[in-house]
Amino acid sequence: MSVQPRTLYTFEEYLAWERTTREKHEYFRGEVFAVGGASESHNLIVLNVGAELRQQLKGKPCRVYPSHLRVKTNSAGLYT
């Protein structure tokens, strides 16, 4: 049994490639992982939770975003 070597990407390579695809992916320590789509139920839950959070945070320095925003967690080095 042979093991295929993993291809590692720089963050810049990942971003350039991600801009050309229709699918969503996450980047973690040089590896790229496909992320599945969401169901109708999931999207309704996200909308309802987001609307409630927005109301609760009105006038505060916090913001609520839907899922279509790329976020980097510095502690883990994850881009999702």
Side-chain angles (χ1 to χ4, degrees):
M1 172 199 268
S2 68
V3 177
Q4 296 293 326
R6 290 186 184 171
T7 302
L8 297 180
Y9 301 92
T10 67
F11 178 63
E12 291 75 19
E13 291 170 328
Y14 157 70
L15 277 183
W17 176 73
E18 181 77 356
R19 288 183 185 115
T20 68
T21 72
R22 297 186 79 178
E23 297 83 19
K24 289 176 148 184
H25 301 85
E26 291 183 341
Y27 173 90
F28 184 64
R29 296 184 180 165
E31 294 185 74
V32 177
F33 303 91
V35 179
S39 67
E40 179 182 1
S41 297
H42 174 84
N43 280 305
L44 288 172
I45 291 167
V46 168
L47 178 64
N48 289 332
V49 169
E52 182 62 32
L53 284 172
R54 185 170 186 231
Q55 286 293 41
Q56 296 295 320
L57 296 172
K58 220 172 214 176
K60 298 190 167 107
C62 300
R63 295 180 182 164
V64 178
Y65 295 101
S67 61
H68 300 294
L69 181 69
R70 190 171 322 283
V71 177
K72 177 187 177 194
T73 57
N74 286 327
S75 60
L78 173 67
Y79 294 85
T80 184

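In what follows, residues are counted from 1 in the order of the sequence shown.
Hydrophobic clustering keeps Val46 apart from Tyr65 (ILVMFWY residues linked when any side-chain heavy atoms are closer than 4.5 Å, directly or through intermediates). Put simply, Leu15 and Phe28 are part of two different groups of oily side chains (I, L, V, M, F, W, Y) that touch within less than 4.5 Å, one to the next.
Note that the CG atom of Leu47 and the NE2 atom of His42 stand 11.0 Å from one another [nearest 0.5 Å]. Taken from CZ in Arg63 to CZ in Arg54, the straight-line distance is 11.5 Å, to the nearest 0.5 Å. How far OH of Tyr14 is from CD of Glu31: 13.0 Å, rounded to the nearest 0.5 Å. Taking OH from Tyr9 and NE2 from His25, the interatomic distance works out to 10.0 Å, rounded to the nearest 0.5 Å.
A pairwise comparison of heavy atoms in Val35 and Glu26 identifies CG2-CG, 3.5 Å as the closest pair. In plain terms, the two heavy atoms of Leu57 and Cys62 that are nearest each other are CD1-CB, 3.9 Å.
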Query - Phe11/Tyr27 under ring pair (Phe, Tyr, Trp, His ring centres under 6.0 Å): CA gap, chis, key distance, verdict - result: CA-CA 8 Å; Phe11 178 63; Tyr27 173 90; 5.8 Å; yes

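Looking only at side-chain heavy atoms (C-beta outward), Val32 and Trp17 come within less than 4.5 Å of each other.
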